[in-house]
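Working notes for the structure below.
Numbered from 1 within each chain, the chains take letters A, B, ... in sequence-line order.
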Amino acid sequence: MAELKFSKDHEWVRLEGGVATIGITDHAQTALGDVVFVDLPEVGREVAAGDAIAVVESVKAASDVYAPIAGKIVEVNAALPDDPSLVNSAPTEGGWFFKIEPADTAEIDALMDAGAYQSFVDSQA
Amino acid sequence: MAESLVETPLLETPLASLHRELGGKMVPFAGYLMPVQYPAGILAEHLATRAGAALFDVSHMGQAELVGEGAAAALERLTPADIQILKPGRQKYGLLTTESGGILDDFMVANLGEGRLFLVVNASRKQVDLPAIEAVLPAGVRLNRLEDRALLAFQGPQAVPLLATLAPGVAALPFMGVARLEIAGIPVLVSRSGYTGEDGVEISVPAERAEALAKALLALPGAVPAGLGARDSLRLEAGLCLYGNDIDETTSPVEAALVWTIGKRRRMAWDFPGAGRVREELDNGPRRLRIGLLPEGRQPARAHTAIALAGETVGEVTSGTFGPSLNGPCAMGYVARPHAADGTALELMVRGKALPARVAATPFVPHRYAR
């Protein structure tokens with residue numbers, strides 16, 4: 001399985017077969033708490049890196065989910081609206097949010113690897 | 001360091017080390033460092049409260065005693081509640097009002113007998129309320145701030161049956177009854193009340209015995225710790241107001257649909273702060289009313305969300321969350337009176353989109369208080 005890359009907005013990205021699968025990190029879901037609702041982007045939408053394109057709500061708060069890279073939304077996780085708790089139970093597997101066909105895969109290369117992301121999280125604590 | 005960056009240090013309750021031991025996630029609230037949740041999470045803590053028994057630390061709240069002959073009459077100078085009618089061993093909920101008819105705070109008051117009233121006020125308001133009360137006291141009545149006491153809430157359908165194994169006397173307390181009891185050898189003041197919509201108690205305990213009491217309660221079979229997050233979702237499902245969100249110095253008791261807290265005698269005499277506004281709003285109807293809201297679907301609408309009808313803003317959400325027991329979102333807010341009837345279809349403007357919702361009666365989850 002491809003290596004995960006991480007954004008400073010606490011998203012993870014996995015590039016496989018030219019398509020990037022994206023979700024929120026284990027750290028992010030822990031901070032949010034029990035996820036009760038997700039709002040996902042429309043398939044086909046062109047997004048720029050940094051666009052707020054999804055919403056995740058826990059009992060206590062709402063948070064934006066950003067596109068970590070530019071590209072086109074090619075699929076969203078249809079299981080999430082019915083079972084948002086997947087974000088908590090399997091953040092980097094069944095709890096993925098959307099898939100982007102990257103405009104430029106170099107944007108993914110520029111994201112943090114697991115070690116750099118952990119240092120980033122630690123620096124914010 | 002710039003002066004503006006210097007923050008007042010956060011206070012801790014006598015249970016701070018226990019919260020950390022239990023893995024509580026500590027957050028600032030009303031000047032205190034409080035547990036918003038424990039490792040189980042808000043959802044589990046909420047559901048555990050409705051199903052069994054949960055322990056909340058509410059020691060941040062202000063506790064005080066009003067002592068002396070005429071204490072009840074003195075307190076009535078600041079509230080429209082009928083305090084003088086309150087019998088020994090009984091507690092009631094009331095509002096402190098401002099001269100302009102707003103709400104200074106909401107509070108609990110218990111009659112402990114022998115001219116002694118016990119008060120519980122909001123943490124965020126105690127610095128306002130207690131001086132205001134002191135300012136109206138006649139000679140012979142004094143206010144004692146009980147800063148050396150903690151306050152624990154033990155809530156849920158199993159709370160009283162479990163507690164009765166340590167203090168049999170608690171089972172005999174009626175809803176809103178108060179008594180001095182011993183729990184596991186610790187002298188406490190117990191009231192059968194709470195902020196969850198469930199049966200349960202609030203227990204005032206000397207600070208130095210608070211941790212021992214909390215540990216004794218958590219050792220009861222099935223009892224779990226719960227944080228401020230669950231406390232908020234529980235009270236919202238129960239339709240109970242949070243001061244600073246749902247009521248404040250701008251909202252009147254009539255607008256807030258809390259007219260039931262105004263004593264009958266007080267509504268004849270009109271001798272409380274803000275009586276003019278209350279009377280006018282009772283006669284002519286208030287401009288706006290506090291209502292319950294049930295959004296369609298699963299997306300919560302949070303505080304400060306605009307409430308609209310046909311594109312025109314008619315009000316604002318004051319509290320909103322996802323109700324774990326409802327398994328859906330619920331909210332409270334104020335709307336212009338013509339739109340306040342139950343069943344009225346309204347729109348909540350969440351992130352620029354109109355989320356359909358209906359005005360709904362509260363509580364959203366029926367109260368299950370002791371009879």
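For B:H339, there are no ring-ring contact (aromatic ring centres under 6.0 Å, His included) partners at least two apart in sequence or on another chain.
Residues B:V201 and B:S193 form no side-chain contact, since every pair of their non-hydrogen atoms from C-beta on lies 4.5 Å or further apart. Between A:E3 and A:K5 the shortest side-chain heavy-atom distance falls below 4.5 Å. When side chains are defined from C-beta on, A:E11 does not count as touching A:F6, because their heavy atoms never get closer than 4.5 Å. Between A:V76 and A:E42 the shortest side-chain heavy-atom distance does not fall below 4.5 Å.
Heavy-atom proximity under 4.5 angstrom to chain B picks out A:P81, A:P84 from residues 78-88 of chain A. Identified by a heavy-atom distance below 4.5 Å to chain B, contributing residues of residues 106-120 of chain A are lacking entirely. Residues of residues 301-322 of chain B that come within less than 4.5 angstrom of chain A, heavy atom to heavy atom, are B:R302, B:T321, B:F322 in numerical order.
Of all the heavy atoms in A:V74 and A:V43, the pair that sits closest is O-CG1, 3.6 Å.
Note that NE2 of A:H27 is 9.5 Å distant from CG of A:L32, once rounded to the nearest 0.5 Å.
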Next item on the list: Report the C-alpha distance between B:H46 and B:S325 in whole Å, list the side-chain angles of each, state the deciding distance to 0.1 Å, and finish with yes or no for side-chain hydrogen bond (donor to acceptor under 3.5 Å, both in side chains).
Entry: CA-CA 8 Å; B:H46 176 117; B:S325 301; 2.9 Å; yes
Checklist line | Worked verdict on B:R50 versus B:E237 for salt bridge (Lys or Arg N to Asp or Glu O under 4.0 Å) | finding: CA-CA 11 Å; B:R50 295 247 185 268; B:E237 283 186 343; 2.9 Å; yes
Next item on the list: Check the pair A:D34 / A:K60 against salt bridge (Lys or Arg N to Asp or Glu O under 4.0 Å), numbers first and verdict last.
Entry: CA-CA 9 Å; A:D34 306 298; A:K60 66 174 186 278; over 6 Å; no
Next item on the list: Please test A:R14 against A:E93 for salt bridge (Lys or Arg N to Asp or Glu O under 4.0 Å), starting from the C-alpha separation and ending with a verdict.
Entry: CA-CA 10 Å; A:R14 181 189 290 124; A:E93 300 295 336; 3.7 Å; yes
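Note on B:R235 versus B:D246: salt bridge recorded, some NZ/NE/NH1/NH2 to OD/OE distance being below 4.0 Å. One finds a salt bridge joining B:E198 and B:R368 here, because a Lys/Arg side-chain nitrogen approaches an Asp/Glu carboxylate oxygen to under 4.0 Å. Under 4.0 Å is where a charged nitrogen must lie from a carboxylate oxygen, and between B:E12 and B:R20 at least one such pair does.
When heavy atoms are compared at a cutoff of 4.5 Å, A:A61 approaches chain B solely by way of its backbone atoms N, CA, C and O. At a 4.5 Å heavy-atom cutoff, the contact between A:V55 and chain B is made by side-chain atoms alone.
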